[in-house]
Amino acid sequence: MPRLEEHCWSCSCSASVKTQELSSARWVVCKTAEMMSIITSVLSHAYGSLHSLQSANLIRRGLVLFIVGVVLALVLNLLQIQRNVTLFPEEVLDTLFSSAWWIPLCCGTAAAVVGLLYPCLDQHLGEPHKFKREWASVMRCIAVFVGINHASAKLDFANNVQLSLTLAALSLGLWWTFDRSRSGFGLGLTTAFLATLIAQLLVYNGIYQYTSPDFLYVRSWLPCIFFSGGVTVGNIGRQLAIGSTEKPHND
Amino acid sequence: MNEIQEERLRQNISAAFYRHGLLCASYPVPIILFTSASILTCCYPLLKLPLPGTGPVEFTTGVRDYSTPSHESQGDLSERPDWYRGPPVAYIQQVLVKAAVSPWDNSLVPVDVFRSPLGRVFSVLEEIRNHVYTDRSLEALCLQVTDLLPGLRRMQAVLPEHGCLLVSPGNYWQNRRDLFDADPDLLKTVHQHEPKGLHTSATLKDLLFGVPGKQTGVNLYSKKRVVTYTITIALSSYDARFVASLRARLKQLHPSANCTLREDHMVHVHFKEEIGIAELIPLVTTYIILFAYIYFSTRKIDMVKSKWGLALAAVVTVLSSLLMSVGLCTLFGLTPTLNGGEIFPYLVVVIGLENVLVLTKSVVSTPVDLEVKLRIAQGLSNESWSIMKNMATELCIILIGYFTFVPAIQEFCLFAVVGLVSDFFLQMFFFTTVLSIDIRRMELADLNRRLPAEAGMPPPKPGPLRPRETPPPPRPSPHTITLQAPAFRNLRLPKRLRVVYFLARTRLAQRIIMVGTVIWIGILVYTDPAGLRTFLAAQVSEQSPLGEAGLPPHLGVAPVFPGGDPTSTLSGLPAPEPTPLPENQSQGHRAAHPEVAPVSSPQITWGPEDEELWRRLSFRHWPSLFSYYNITLAKRYISILPVIPVTLHLSPQEAIDTRHPQDTHHAPPPSIKTSDLQTDLTLYKVAALGLFAGVVLVLLLFCLYRVLCPRNYGQNGVPHGRRRRGDLPCDEYGYSPPISEISPLLLRGHSMDIECLASDGMLLASCCLVGHIRVWDAQTGDCLTVIPNNGLRRSSSSGCWEHRDGWDHISACEAESLLGADFREPGGGAVGGQDVDIFPIRRRTTPARPALFGDQPDLTPLIDTNFGLSPPSQALSSSGFDFGGLVEKAYQEHEPSPTLAFPPSPPPVLPPELPPQNNGDWDSSVWAMELRGNLIATGRSSGKLELWDAVEGSLRCSNEDGVSGITALAFLNNRIVAARLNGSLDFFTVEITKPLGLLQYRGPPGRGSLPPSPCYSSEDVISCQLTRSVQCAHQKPITVLKAAAGRVVTGSQDHTVRVYRLEDSCCLFTLQGHSGGITAIYIDQTMVLASGGQDGTICVWDVLTGSRVSHVYGHRGDVTSLVCTTSCIISSGLDDLICIWDRSTGIKLYSIQQEVGCGASLGVISESLLVTGGQGCVSFWDLNYGDLLQTVYLGQSSEGQSVRQLLVLDNAAIVCDFGSELSLVYVPSVLEKLD
């Protein structure tokens, strides 16, 4: 409880701030969220009248991914907050759920985009992903991803290099265990690169900060987290795309 | 070389696993006992570990020889807990004040009970503050606090903000007597800080008074009129002499007579780290993910007797392997420093359930006819290599993790390694054995179920007149089928309803309430805010008949009772009551002098329960007090010094003097009744709470039982039998799939391949290439009637076909003559009965077969007949023999078969040119057949339409208006629609005229009387009139004709589909959209029309408007058949693919690749069960997932003919042709669901 009072805020270290437009982040995000909800409602209306189940299916998948992203962002944020890894200035943000609201939203949007991009890319490349396509494996993947975050937040490492290397190895292991596709690897790398860039820019603009940055303005393990987050969300997205006809199972 | 070695290794591993599997399956019970023993042994060290929880831990030392423990651990003092190191956060010295106005008189008002006693706190405080012992004052020793937490602004006025941490009730008035005196309503001041509602942590009143709220006596209705409070001092360092002098001073000032509180023990209380919500959420999330993982994993366990049992075994395996790993690590001196709860989910995920599932799958996929032992062994050895490989990989990964040299990761890896090894051990011993037991149980259950079924079968009768021949062949080994609940994709239901169903199905609200109650009760019991425990203890002791003699043990200390203490008389006070418990005391008073009770003077007593009054406080009392000053007690300890008792007696005059003017306005004390009622109410509350908790517990256990045990446990699917037909599919959501057996029933009798099949649910009519029609009972498979080929010959020739009983006999004669001819045939073989297959017609039956085998006789259909078992002469001489097969041979031998010229392609598509008819009509073949009620309509290649009585086998009427062959027939109500080869469409009306003499008599309805189908009694004269003939319905031959819902739909080779109205035979629409001939049409009662063409497209039409709803390109090649369910369309094509499409959107859901040449036959049994024909087998598919549920082999020879026609009956049986035999396959589980 005392820790919570200290107004320390973490950045979203999940599948997060990836593809969202940066610059005046808050305003843009606010607007995009509004747009999103409007689009969603319009499309869901359209779903009723038109017989376009395909787009409805897409929206449903996107929604599920969005929710997954939001939940993961909230949970992992909490993990980071406990360790005071990131700080948010007091005057900008007051409490977790009232002021840092844009983080889960960004994460959700990013998760939806990445999760829809993966099956789309598979389709384009013409190599459908066949490796371990079942929900149990997806759940395992999510658990490992949360574990990686847990490790990054809670374990005491001798130095940052060791921490980063360990997490990089873990992320690669995650990809090897659950994905093993070149497209997945490439998209994961792209995601990690973009998201890290965005995080750097956000920190540069003073939206938030890390307690002990060692890679320009952010922590050096951040790309690893983004990479594994991308792979995880992609895994979920692929499974949803396959099993979109059946009930989407969300935790 | 390397490969050879690897191969050898593989073989060795596989052999070892095989032997191990044999061992496990042979001795299940000893092995399970052994495994349980080893699990328990390995878990034994866990007993030494502290239980998880956040409750404080205590340790007691003596006061006299106390010295601050050093930081280093001292090995010699083993009884010391390991947290007892270094100085405590604070020493807590409590001064327990008990004050009373004595003697009490009636002039006093209720407020006097506590106003003046509370007022005395200021003087005592003053005394404490100013106490000095050899220039040590309290200021030097006490714990200096600086600032309250900024979030606690409302506490600022009350709690000390700087200086000594010294709390007392005086803090309410900022420790100022003048404020106290000016306060008009003390109670209001005290209670204004109390939180509303249920509270679990310490309240401000508790903090300041230092005793549980009930015992303070600060209320208007106190019976005892004794006010109790404490002054709590937190000392930063311990000075024994200062504390002793303070104690002596206070005792001297305010002597407590008869007080024998022990003063020699100091209690150290250690607090664990508290888990806040923020830390709990990630933890809960990981656990949710873990459960989802376990759920999705165990969902895959299939085809076993008890799915839940095996899933439980799998979870037990993983959990106990984890426990074993922790236990073993503890045994070898590796104490876990990691937070067990946090790493636990990750460990489970790392260890995983995959191996267990792989094992199960491998074992259940072994041949079912093997012995259980061998199955287990085989399944194990099949998967041995992959299991070993996975294990090695995981160990490698963990080894890499070990070399990160991060202590936490190293520890995790160590646990994971031990966990993996023990998991492997458990899988090999525990799970394999459980699996073997399960499979054995399943076989037993199968056996049990099969026995009554066979007993119910009528024994094969060898009577000569019975055309039914050979007994059913030995059934193939049992198969199981698991039906998934069909409602997973029931998208048509409205959303609102689905939510309601979801709530109802999962009983979500109920469960949430239940869980909430349990949690609440748990919190209640854990924190004990209401003093439940003590209250109960008091109640128990009160009711104990021994009185005070029964009391002492429950307090655990050896007290000296005041009543028995002779020193108590030394004080000037009246001797206290012998019973030390306050409630008891007041009750005793009341009982003795009910009217005097209100005026009785309050007594101040000191009992052993006062020694450690802080124990009755919430366990968060001290942490919350310190947390206000940002001092955490987590993982630290405080030392509580023995309490200093202070007794204050005030005179009534003093009480009156300190009165506030407003005090007298308070209401007079209410009657004793209410307080009595209060205690009673509390008792009732406790009882009700207990009752409620009990009920909840029972409900919870019941739910657990329901969750753990499948509903149809041990009684296969009996409850499902009660399911009503109209039940919504959603209700079957939680439907646990029954396991049942499917075995085909072979119907034999035809000598040639089956050409047409028709059924109306009760009866089943089949027609073979020769033109014989047989009618079967669709329920039992009995052959009811045989209609030989040449119905006309019966009237024209000798008349030996007049009744069924006759012709068998005649046929025997003919067969005899035929046999002679048979032996002359070159390829005939030794057994005469097989010669039938010499006919080139035989070739047609297996179109997929290469041509070079076509001229070889295919002996399979007759191998199982009795003729194959005994020499023909013997067979013929025995009168009890069945001559059905031979009879038909006789016809074929006597007449040149009309179907000789049949090309090896399905007849409707490429109609053959018939040979010149030399012998009238009877040699035309049957091209189409329909069955309604007990009338069989047959359309012949000669263009003749015949109506037969299905039960009696007599020709009722015939119509020869057309000359072109009838390619398709539809029989609906009393109308028959016939499509002809020349593209014309004829509509017939069946009229029944009753003979005059028999008008009154209504014959018993035919056995196949379904409500919509007309029933014809044998006396009726049936005539068939051509009502209308559409001459040029299509330009090219009509290939498909379907009728339903008052519409007749025809598809032709001219690329169009036409829709006719049945009543007036008016053409409603001509549907154009295909670019090839129509090959398949589906229409059902709901007016869904789908058509498939040679171009591989499938069109869905709106029958009402004639518009095309959707159009998909489905197959490379012809669409061979089409079926729709409410949500999807199933099509099969010549490309041997079965595609499943979403009906509303036309999106292809998935496709199933079939074997070559057998994709044509399809049927849908229920919304979720698809059946397809294959090479000598039928396969069942789950439509929701596209999983192959089961394959049922129709005959022993696996490479038999392909199934070309497949018919799904109403009673969930399917009929398919299998060469010259029919196969009736029941799907019992669906049957149960339908009934």
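Below, chain A is the first sequence line, B the second, and so on; all start at residue 1. Only this structure's heavy atoms are used, side chains among them; waters, hydrogens and symmetry mates stay out.
- Under the rule for a ring-ring contact (aromatic ring centres under 6.0 Å, His included), Phe626(B) has no partner lying at least two apart in sequence or in another chain.
- Between atom OG1 of residue Thr286(B) and atom CG of residue Asn149(A) there is a gap of 12.0 Å, rounded to the nearest 0.5 Å.
- Here the side chains of Ile289(B) and Val146(A) are in contact, with some heavy-atom distance below 4.5 Å.
- Atom CD of Gln123(A) has 12 or fewer heavy atoms from other residues, nucleotides or ligands within 6.0 Å.
- A search for ring-ring contact (aromatic ring centres under 6.0 Å, His included) contacts involving Tyr293(B) returns nothing, not counting sequence neighbours.
- Separation of atoms OG (Ser297(B)) and CE (Met139(A)) is listed at 10.0 Å; rounding is to 0.5 Å.
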